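Encoded as structure tokens, the structure appears first; notes follow it.
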There are 2 protein chains.
Amino acid sequence: MSVPISVSPVVPAQPQVAQCCAPLQTTTLGAQEAAELAARFAALGDPVRLRLLSLLATSTHGAVCACDLVEPVGKSQPTVSHHLKILREAGLVTSERRGTNVWYAAVPAAIESLRQTLAAGS
Amino acid sequence: MSVPISVSPVVPAQPQVAQCCAPLQTTTLGAQEAAELAARFAALGDPVRLRLLSLLATSTHGAVCACDLVEPVGKSQPTVSHHLKILREAGLVTSERRGTNVWYAAVPAAIESLRQTLAAGS
DNA sequence: CCTTAGTATCGACGTTTGTCGATGGAGTGC
DNA sequence: GCACTCCATCGACAAACGTCGATACTAAGG
């Protein structure tokens, strides 16, 4: 379990997921745009990943130790690690090593980017 | 192909996808909430479906004949039909028979619902 | 060192998914 | 009725996915 010592706000700024695509309702998606976008939505297409992301996004500290993510979602440690990797590769989450532990944090900008893709056309 | 005759705005109002879940960043998702949400995001997690939805959402008529959706995405007719079914079951799209053809339309409210799930927490 | 705790990776397994050709059903027009 | 078009469903197949136990790796502490 994570030790609550020296808790400085851990919210590592991140490479930024470039705004890949215009809103769905503005332009018809090209094949490549669609592929990139789909990959990111697919990352949200799993209950466990959604719960993980939710846990990170609601964290008051801005980040959560991986060790504190296993029990809440009720899956094995390897499975949780696997899902965190997918979220990280989708740019929705960042990780930072702190000694033995790894702290994960949500990337608000990436979520916002996805959100804008669903924005209504005016 | 669809015949452009008697084009009255075809936008059948729909059962409404109830606002399933609070924003990710507000409350930590329960198992069931996460499952429902994930199912809807998963519907967006495929390039073909994303392009289909994009085609529908950008349609000036508000709806598109299924026959006009096959060629743009470059997949076989059964495959397109399959994806349209998934979008329909996710509540993102509606279908309406018009003679031999079936017209599909995006459901803005469902998309907006998903969008709000990604909303930042103030 | 050696042990211990926290993570990531590997290998394997069953399930789900995307895809297509073939087929069936619904509707139109002759 | 018959032929034709459009669409959905079926059956099959390969690929991708979610899951776990076992294992390797990394960092801290005796």
Side-chain angles (χ1 to χ4, degrees), chain A residues 1-6 10 31 34-35 37-53 55-56 63-90 93-105, chain B residues 1-6 10 31 34-35 37-53 55-56 63-90 93-105:
Chain A
M1 293 289 279
S2 67
V3 255
I5 51 169
S6 77
V10 182
L37 239 193
R40 289 154 70 202
F41 275 123
L44 296 179
D46 180 275
V48 175
R49 288 195 290 270
L50 232 31
R51 297 187 72 188
L52 287 172
L53 189 57
L55 283 167
L56 297 179
V64 180
C65 172
C67 59
D68 290 324
L69 292 172
V70 174
E71 182 269 334
V73 298
K75 297 292 178 181
S76 71
Q77 179 269 321
T79 296
V80 171
S81 184
H82 169 66
H83 286 302
L84 287 172
K85 180 180 182 178
I86 292 180
L87 286 173
R88 181 159 25 91
E89 290 175 346
V93 147
T94 56
S95 62
E96 178 188 336
R97 181 133 220 154
R98 286 209 162 187
T100 310
N101 300 326
V102 176
W103 291 74
Y104 281 86
Chain B
M1 292 289 282
S2 66
V3 254
I5 50 168
S6 78
V10 183
L37 239 194
R40 289 155 70 201
F41 275 123
L44 296 178
D46 180 275
V48 175
R49 288 196 289 271
L50 232 31
R51 297 186 73 188
L52 288 172
L53 189 57
L55 284 167
L56 297 179
V64 181
C65 172
C67 59
D68 290 325
L69 292 171
V70 174
E71 183 270 333
V73 299
K75 297 294 178 182
S76 73
Q77 179 269 321
T79 297
V80 171
S81 184
H82 168 67
H83 285 303
L84 287 172
K85 180 180 183 180
I86 292 180
L87 285 172
R88 181 160 25 91
E89 290 176 345
V93 148
T94 56
S95 62
E96 177 189 338
R97 180 135 221 153
R98 286 210 163 186
T100 308
N101 300 326
V102 175
W103 292 74
Y104 281 85

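The shown structure was predicted, so the numbers you read here are calculated from the model rather than taken from an experiment. The figures that follow rest on heavy atoms only: side chains count, while hydrogens, waters and symmetry mates do not.
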For [X] and [N], give me the distance from atom [atom1] to atom [atom2], rounded to whole Å.
X	N	atom1	atom2	value
R49(B)	dT19(C)	CZ	C1'	12 Å
L44(B)	dG18(C)	CG	P	12 Å
E96(A)	dA8(C)	CD	P	13 Å
R51(A)	dT19(D)	CZ	P	12 Å
D46(B)	dT17(C)	CG	C1'	9 Å
H83(A)	dA8(C)	NE2	P	14 Å
H82(A)	dC10(C)	NE2	P	13 Å
N101(A)	dT7(C)	CG	P	5 Å

Report, as a single string ordered 5' to 3', how protein heavy atoms within less than 4.0 Å touch nucleotides 22-30 of chain D: B base, S sugar-phosphate only, - not at all. B----SS--

Under 4.0 Å between a side-chain N/O of T79(A) and OP1 or OP2 of dC20(D), yes or no? yes

Do the side-chain N or O atoms of Y104(A) get closer than 4.0 angstrom to the phosphate oxygens (OP1, OP2) of dA8(C)?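 Answer yes for this pair, as a side-chain N or O of Y104(A) is under 4.0 Å from OP1 or OP2.
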
Looking at the side chain of [X], which of [options] is the nearest nucleotide?
X	options	result
V102(B)	dT19(D), dC7(D), dC20(C)	dC7(D)
S81(B)	dC20(C), dT7(C), dA8(D)	dA8(D)
C67(A)	dG18(D), dG6(C), dC20(C)	dG6(C)

Residues two or more places apart in sequence or in another chain: which of them pass side-chain hydrogen bond (donor to acceptor under 3.5 Å, both in side chains) with R49(B)? H83(B)

Could you tell me whether the side chain of [Y] reaches within less than 4.5 Å of the side chain of [X], counting heavy atoms only?
X	Y	result
K85(B)	H82(B)	no
S95(A)	L84(A)	no
L56(A)	L87(A)	no
V93(A)	L52(A)	no

Closest heavy-atom pair, A63(B) versus A105(B), reported as atoms and distance to 0.1 Å, is CB-CB, 4.0 Å

Could you pull out the closest heavy-atom pair between R51(A) and P72(A), with the gap in Å?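 Answer, listing the atom of R51(A) first, then P72(A): NH2-O, 3.5 Å.
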
